[in-house]
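Single-structure report; data block below.
All ligand and atom numbering here is 1-based and tracks the order in the structure.
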Amino acid sequence: MQAVTSLFTGSSGPQYLTGNKADIDAFIDKFDVFLFDCDGVLWSGDHLFPNVPETIQMLRDKGKQLVFVTNNSTKSRADYKKKFDSMGISANEEEVFGSSYSAAVYISRILKLEPPKNKVFVLGESGVEQELESEKVPYCGGTDPLLRREMMPEDYKHVADGSLLDDDVAIVLTGLDYHPSYLKYALGMAYLRRGAKFLATNIDSTLPSAGTLFPGAGAISAPLLRASAQEPLALGKPSQAMMDAIEGKFQFDRKQACMIGDRLNTDIQFGIEGGLGGTLCVLTGVSKKEEFLAKGAKVVPSAYVDALGDLLG
Ligand SMILES: O=C(O)[C@H](O)[C@H](O)COP(=O)(O)O
Ligand SMILES: [Mg+2]
């Protein structure tokens, strides 16, 4: 893959901003809009990183437009509003654009499948279900307690003869699922073999939480990729379908926008491929500075900080 570097990456590589107030202020002044990743930038699971609410407020006080762009599909925009409130972060539900919403919008407004054959089989949590509901897209699977059980001998026959399948399913959508089961995978595979479209909210391999890494959405969908020999269309970062939808909803000049994230192959690549004015890598999550400082690094941000709170200078 051709190296993708940000417009503002000086010849000397990405700018290290931590501890340099003048450079921080100059960097912030370049942009009117900040797209914020969440996991690994604002928090790690339920652990809020230091000075995050103050940093968000500082940018608001400078009149910056903020959009929260997360690949974490387990929560809906309404759920994120609750999480922001619980952590004292001033943010509105309308400012959230998650991968579950991105997938729901793609299905309802781009695919626009005709009922009744427009149902989605979900391998994921309630965030996906809530966003499908918000777009009036029918679904099954997901958090259905009937699927959180052992595969029974008779299930094989009922999957094979179709009696356990819903004939209206036209899409299999995978996200981060904390309750995967062999039965869910068996149903997902049966729908794909019937010709259902294979979509994913995102395919991040890992999830940063509690200061370490856990299996991510991509690890959850991997068994289906292997079993079906099909690749899903991923609608989260770095998908440019998501960037186009965000630009359409929030109306901003990409050159005046900066993507802030902790992961090179989602957040930073998303900002760079989207032609944004800049990207800022925060080192409290997945990616390490050695990855983008290395000679010939493939994805290089414009600048980086040790932690988001460093922007307070
Ligand atoms: O596995 C996942 O889904 C990701 O690790 C998680 O969603 C990342 O969320 P983000 O950093 O985009 O907020
Ligand atoms: Mg992240």
Side-chain angles (χ1 to χ4, degrees), residues 34-49 52 56 66-77 79-81 83-84 87 89 91 95-103 122-129 131 142 173-180 199-225 232 234-240 242-243 245-246 258-271 273-274 279-289 291-292 299 301 304-308:
F34 287 89
L35 306 186
F36 269 95
D37 175 51
C38 298
D39 293 339
V41 170
L42 306 179
W43 49 61
S44 184
D46 294 330
H47 168 69
L48 176 67
F49 292 127
V52 164
I56 297 289
L66 306 184
V67 185
F68 298 91
V69 185
T70 177
N71 267 2
N72 193 319
S73 64
T74 62
K75 289 183 173 62
S76 65
R77 290 161 293 161
D79 294 334
Y80 273 107
K81 172 58 178 162
K83 185 165 186 176
F84 288 133
M87 289 185 162
I89 296 173
E95 294 175 318
V96 180
F97 201 103
S99 64
S100 50
Y101 180 57
S102 181
V122 174
L123 219 151
E125 298 292 339
S126 77
V128 174
E129 297 172 336
E131 295 298 6
L173 175 62
T174 65
L176 182 55
D177 190 329
Y178 299 130
H179 308 88
L199 304 179
T201 59
N202 64 305
I203 51 174
D204 301 43
S205 53
T206 57
L207 168 72
S209 190
T212 184
L213 296 178
F214 295 83
I220 299 296
S221 58
L224 264 187
L225 272 77
L235 295 149
K237 299 168 287 184
S239 155
Q240 289 308 307
M242 189 182 197
M243 181 67 84
I246 291 170
C258 177
M259 177 74 209
I260 300 181
D262 69 298
R263 196 182 188 113
L264 294 174
N265 68 353
T266 58
D267 309 313
I268 306 304
Q269 191 171 327
F270 179 66
E273 288 181 358
T279 54
L280 177 69
C281 192
V282 177
L283 300 177
T284 45
V286 174
S287 296
K288 303 301 169 222
K289 65 180 180 201
E291 294 171 54
F292 55 77
V299 181
Y304 62 106
V305 287
D306 295 338
L308 184 68

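- Ring pair F84/Y80 is tilted by interplanar angle, where 30° to 60° counts as tilted.
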For ligand 1, list all ligand N or O to protein N or O distances below 3.5 Å, rounded to 0.1 Å.
from, atom 1, to, atom 2, distance (Å)
ligand 1, 1 (O), A217, N, 2.8
ligand 1, 3 (O), N202, ND2, 2.9
ligand 1, 5 (O), T206, O, 2.7
ligand 1, 7 (O), N71, O, 3.4
ligand 1, 7 (O), N72, N, 3.0
ligand 1, 9 (O), D39, OD2, 3.1
ligand 1, 11 (O), D37, OD1, 2.8
ligand 1, 11 (O), D37, OD2, 3.1
ligand 1, 11 (O), D39, O, 3.0
ligand 1, 12 (O), D37, OD1, 2.7
ligand 1, 12 (O), N71, N, 2.8
ligand 1, 12 (O), K237, NZ, 2.8
ligand 1, 13 (O), D37, OD1, 2.9
ligand 1, 13 (O), C38, N, 3.4
ligand 1, 13 (O), D39, N, 2.9
ligand 1, 13 (O), T70, OG1, 2.6

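- Using bins of under 30°, 30° to 60° and over 60° for the plane-to-plane angle, the ring pair F36/F34 lands in the tilted bin.
- No side-chain donor-acceptor contact under 3.5 Å links S126 to the backbone of E129.
- Taking OG from S73 and CD from E131, the interatomic distance works out to 10.5 Å, rounded to the nearest 0.5 Å.
- Judged purely by atom type and a 3.5 angstrom limit, T266 has no side-chain atom pairing as donor or acceptor with the backbone of P238.
- Put simply, the side chain of T206 never gets that close to the backbone of G216: no donor and acceptor are under 3.5 Å apart.
- If you look at the Mg ion (ligand 2), the protein N, O or S atoms less than 2.8 Å from it are D37 OD2, D39 O, D262 OD1.
- Atom-to-atom distance recorded for D204:CG and L213:CG is 11.0 Å, nearest 0.5 angstrom.
- Within the structure, salt bridge (Lys or Arg N to Asp or Glu O under 4.0 Å) pairs that include any residue of residues 35-45 comprise D37-K237 (at least two apart or interchain).
- With sequence neighbours excluded, the residues forming a salt bridge (Lys or Arg N to Asp or Glu O under 4.0 Å) with K81 are D85, listed by chain and number.
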